[in-house]
Amino acid sequence: MKRYIKEHKIVVVAVILLLFIIVAAFFVKQVFFSNSNNAVYGNRLDGIDEVKIDSKQKKEIINNLKNDSTVKSATYELQGKIINIVITVNDDVGLDTAKSLSNKIIEKLDKDQKKFYDIQVFIKKNNDAKDFPIIGYKHRNKDNFVWTKDRVAE
């Protein structure tokens, strides 16, 4: 064995060095990326299956908004426990009318869904209105939306 090591010093040193690099890389990965196997949301989405919003309900929410004569378009996106709705309204729509559209979203959700999901509503116009866009947010533990501060038209 000693004779083999003496004859192949470079190979033996290279193998030992390679093993050391592999072990060091493993420890570095564990230190910097220890949670890479966990889900992005951790356990924050536990229970989402009991209050899941299915595709039929998504369509109902969007169609309920689109059926309003003040709405040009509406989109729905779910990110974790936040429902994001983007609504484009007609250029002649006022703030109060636009804010009242949030009720059309709430009425299509059942009680348990309202208690589980946060809802974020972005309302915009295609023109350069000074008082738009506005953003409304409803926390799952609250009954009403909170809106961005009204802008003063110049």
Side-chain angles (χ1 to χ4, degrees), residues 14 16-154:
I16 292 172
L17 188 61
L18 182 65
L19 288 173
F20 177 75
I21 290 172
I22 290 172
V23 170
F26 176 76
F27 283 115
V28 168
K29 182 200 174 285
Q30 289 299 96
V31 169
F32 290 108
F33 304 105
S34 62
N35 291 332
S36 64
N37 293 336
N38 293 348
V40 173
Y41 289 100
N43 62 355
R44 291 176 286 185
L45 298 181
D46 288 350
I48 198 167
D49 291 332
E50 289 98 43
V51 291
K52 197 153 194 103
I53 298 174
D54 60 13
S55 60
K56 180 184 173 195
Q57 197 171 14
K58 292 175 194 176
K59 287 178 185 176
E60 286 177 3
I61 292 169
I62 295 302
N63 288 337
N64 196 27
L65 289 167
K66 287 182 177 179
N67 288 337
D68 191 297
S69 62
T70 61
V71 175
K72 284 185 179 180
S73 66
T75 61
Y76 172 100
E77 182 183 1
L78 180 65
Q79 290 183 318
K81 292 174 69 170
I82 301 174
I83 300 170
N84 290 307
I85 306 284
V86 179
I87 304 170
T88 304
V89 295
N90 296 326
D91 293 340
D92 61 341
V93 174
L95 283 174
D96 291 333
T97 305
K99 289 177 183 180
S100 70
L101 293 171
S102 62
N103 295 329
K104 293 186 174 284
I105 300 164
I106 298 294
E107 66 189 30
K108 292 298 180 180
L109 299 174
D110 66 35
K111 179 182 169 188
D112 292 334
Q113 289 170 331
K114 292 176 194 174
K115 295 284 185 199
F116 189 81
Y117 293 101
D118 291 355
I119 303 169
Q120 199 165 224
V121 181
F122 302 90
I123 302 177
K124 62 182 183 170
K125 292 182 178 180
N126 285 334
N127 68 4
D128 293 331
K130 298 223 185 288
D131 51 349
F132 281 84
I134 57 173
I135 302 170
Y137 191 85
K138 182 193 162 308
H139 189 270
R140 65 186 172 273
N141 294 331
K142 304 292 181 184
D143 293 329
N144 299 317
F145 278 84
V146 177
W147 293 92
T148 52
K149 188 173 182 177
D150 291 337
R151 296 175 184 88
V152 178
E154 294 176 7

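Quick note: residue numbers are just sequence positions, from 1. Any value given below was found using the heavy atoms of this structure, including those in side chains, with hydrogens, waters and symmetry copies removed.
Although no hydrogens or angles enter the test, the distance criterion places no donor-acceptor pair under 3.5 Å between the side chain of Glu77 and the main chain of Ile85. When atom types are taken as modelled, the side chain of Lys138 and the backbone of Lys142 share a donor-acceptor pair closer than 3.5 angstrom. Within the 3.5 Å criterion, the main-chain N or O of Val93 finds no donor-acceptor partner in the side chain of Asn90. Remark: side-chain polar atoms of Asn67 are paired, donor with acceptor, to backbone N or O of Asn63 under 3.5 angstrom. In this structure a side-chain-to-backbone donor-acceptor pair under 3.5 Å is missing from Lys104 to Leu65.
The environment of Asn127 atom CG is dense: over 12 non-hydrogen atoms of other residues, nucleotides or ligands sit within 6.0 angstrom. By the neighbour-count criterion of 12 heavy atoms within 6.0 Å, atom CG of Asp96 is sparsely surrounded, having that number or fewer from other residues, nucleotides or ligands. Heavy atoms of other residues, nucleotides or ligands lying less than 6.0 angstrom from NZ of Lys124 number 12 at most.
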Next item on the list: Please report the C-alpha distance between Val121 and Leu101 in whole Å, then the side-chain angles of each, then the deciding distance to 0.1 Å, and finally whether the side-chain contact (heavy atoms from CB on, under 4.5 Å) criterion is met.
Entry: CA-CA 9 Å; Val121 181; Leu101 293 171; over 6 Å; no
Note to self: Determine whether Leu95 and Phe132 satisfy the following criterion, side-chain contact (heavy atoms from CB on, under 4.5 Å), listing intermediate values before the conclusion.
What the structure shows: CA-CA 8 Å; Leu95 283 174; Phe132 281 84; 3.9 Å; yes
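The side-chain heavy atoms of Lys81 and Asp118, taken from C-beta on, include no pair separated by under 4.5 Å. Considering only heavy atoms from C-beta on, Phe116 stays 4.5 Å or farther from Arg140 through its side chain. Residues Asp91 and Lys72 have side chains in contact (heavy-atom distance under 4.5 Å, counting atoms from C-beta outward). Side-chain atoms of Gln57 and Leu109, non-hydrogen and from C-beta on, do get closer than 4.5 Å to each other.
Between the NZ atom in Lys99 and the CG atom in Asn144 there is a gap of 12.0 Å [rounded to 0.5 Å]. Atom CD of Glu60 sits about 10.0 Å away from atom OG of Ser55, to the nearest 0.5 Å. Separation of atoms CZ (Phe145) and CD1 (Ile105) is listed at 5.0 Å; rounding is to 0.5 Å. How far OG1 of Thr88 is from CG of Asn126: 5.5 Å, rounded to the nearest 0.5 Å. The CD1 atom of Ile135 sits 6.0 Å away from atom OG1 of Thr148, with the distance rounded to the nearest 0.5 Å. Rounded to the nearest 0.5 Å, atoms CG (Asn103) and NZ (Lys108) are 13.0 Å apart.
When each of Ile48, Ile82, Asp112 is tested with Tyr117 by the rule side chain to side chain contact (heavy atoms under 4.5 Å, CB included), just one qualifies, namely Ile48.
Scanning both residues, Lys114 and Ile106, for their nearest heavy atoms gives CE-O, 3.1 Å.
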